[in-house]
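Basis for what follows: all heavy atoms, side chains included, without hydrogens, waters or symmetry-related copies.
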Amino acid sequence: MEFSKITAPSLKDLFVQQIEEKILSGELPVGSKMPPEREMAEQMKVSRAVVNGGINELRRKGFLEVLPRQGTYVADFSRNGNLQTLIALLEYRGNKLDKAGIRAILEIRTALEQLAAGLVIDTATPEAIHHLELTAKKLKSTDSIQKAAQIAFQYHHDLAYYAGNTVLTLIYSSFKEVCIVLWVRFCKLYGIQALYGHIIHLQRYLNDRDKQGACQWIQKYLRDTIEGSQQVYEE
């Protein structure tokens with residue numbers, strides 16, 4: 001058996017993590033001016049190179065804006081962010097998602113899953129659709145909620161992959177952690193078999209190449225999760 005090398009986060013990673021948390025928690029509100037690099041370096045006991053590198057990374061991720069001769073400000077990341085901003089936001093929220101956040105995620109999932117299913121039905125090979133079915137059926141043989149959530153993610157990620165849209169696959173990947181949290185919560189409330197029922201029902205439409213049926217089913221079961229009989233707002 002081989003083990004991978006364990007590495008600790010770098011000082012720059014820790015700097016980025018701390019600033020992200022302060023921004024996302026509201027402790028550093030949008031528009032607020034950051035202290036000078038020298039001052040942050042002294043307070044956090046790191047070099048200015050660490051602070052400068054961290055600020056540049058936070059700028060790329062959409063959290064900071066550097067204005068020449070004026071300073072560094074917290075950017076309006078909800079308006080001007082990018083995919084990296086979304087990933088950081090989802091990783092930060094994790095189990096902290098409130099009702100509005102959960103609803104927003106499920107509404108986005110509704111649109112993305114209809115797109116993915118439609119593209120798979122139009123273009124995927126029989127082998128790809130069969131692979132999806134095999135993944136779905138793994139849910140029948142697990143009694144682990146965490147494993148079931150991982151299988152559900154794998155199914156939907158593969159659905160996006162077989163849709164042939166690279167951007168769609170990347171978006172699904174960015175939602176991984178928060179979607180697993182919600183699938184775990186769903187299984188705790190309604191059971192693994194209920195999750196399996198949702199996915200295998202969708203799979204039957206894929207097998208039949210029935211785009212209308214697949215889209216209607218996605219709308220129905222996610223609508224039930226948003227405001228119907230299978231809500232996931234509380235554990």
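- A ring-ring contact (aromatic ring centres under 6.0 Å, His included) check over residues 113-149, counting only residues at least two apart or in different chains, returns the pairs H131-Y162.
- Few gaps surround CD on Q70; more than 12 heavy atoms of other groups in view lie less than 6.0 Å from it.
- Within a 6.0 Å radius of OH in Y205, more than 12 heavy atoms belonging to other residues, nucleotides or ligands are found.
- Contact of the F15 side chain with the I55 side chain is registered, since non-hydrogen atoms from C-beta on lie closer than 4.5 Å.
- Side-chain atoms of Y190 do not come within 3.5 Å of backbone N or O of V232 as any donor-acceptor pair.
- Residues Q18 and L14 form no side-chain contact, since every pair of their non-hydrogen atoms from C-beta on lies 4.5 Å or further apart.
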Exercise for review: Using the side-chain hydrogen bond (donor to acceptor under 3.5 Å, both in side chains) rule, take S173 and H157 through it: C-alpha gap first, then chi angles, then the decisive distance, then the call.
Suggested key: CA-CA 7 Å; S173 294; H157 183 268; 3.1 Å; yes
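- Comment: R38 does not engage E42 in a salt bridge, judged by the lack of any side-chain N to carboxylate O separation of less than 4.0 angstrom.
- Considering only heavy atoms from C-beta on, L159 comes within 4.5 Å of L206 through its side chain.
- Of the possible donor and acceptor atoms, none in the side chain of Y233 sits under 3.5 Å from a partner among the backbone N and O of R103.
- Atom CD1 of I145 sits about 13.5 Å away from atom CD1 of I180, to the nearest 0.5 Å.
- At distances below 3.5 Å, at least one donor-acceptor pair connects side-chain atoms of Q114 with backbone N or O atoms of T110.
- Between atom CG of residue L202 and atom SG of residue C215 there is a gap of 9.0 Å, rounded to the nearest 0.5 Å.
- Although no hydrogens or angles enter the test, the distance criterion places a donor-acceptor pair under 3.5 Å between the side chain of N165 and the main chain of V167.
- The backbone N or O of L64 lies less than 3.5 Å from no partner atom in the side chain of R59, so there is not a single donor-acceptor pair.
- Between atom CG of residue L106 and atom CD1 of residue I102 there is a gap of 7.5 Å, rounded to the nearest 0.5 Å.
- Each side-chain hydrogen bond (donor to acceptor under 3.5 Å, both in side chains) pair with one or both residues in residues 140-154, not counting sequence neighbours, appears once here: Q154-D158.
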Exercise for review: Just do the side chain to side chain contact (heavy atoms under 4.5 Å, CB included) check on C179 and H156 with the steps written out, would you?
Suggested key: CA-CA 10 Å; C179 283; H156 286 86; over 6 Å; no
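- At a threshold of 4.5 Å between non-hydrogen side-chain atoms, the residues T72 and E37 do not count as touching.
- The distance from atom CG of L24 to atom CD1 of I19, rounded to the nearest 0.5 Å, is 11.5 Å.
- The shortest distance between side-chain heavy atoms of H198 and W217 falls below 4.5 Å.
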Practice item. Give the C-alpha distance, both sets of side-chain angles, the deciding distance and a yes or no for salt bridge (charged side-chain N to carboxylate O under 4.0 Å, His left out) between K220 and D224. Key: CA-CA 6 Å; K220 180 185 183 307; D224 281 346; 3.2 Å; yes
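- Using a 4.0 Å cut-off between a side-chain N of Lys or Arg and a carboxylate O of Asp or Glu, K12 and E57 qualify as a salt bridge.
- Of the candidates V120, D122, I121, R209 forms a side-chain contact (heavy atoms from CB on, under 4.5 Å) with just one, namely I121.
- With T85 contributing its side chain and K61 its backbone, the two residues share a donor-acceptor pair below 3.5 Å.
- Within the 4.5 Å cutoff, no side-chain heavy atoms of F77 are placed close to those of E20.
- At a threshold of 4.5 Å between non-hydrogen side-chain atoms, the residues Q17 and P9 do not count as touching.
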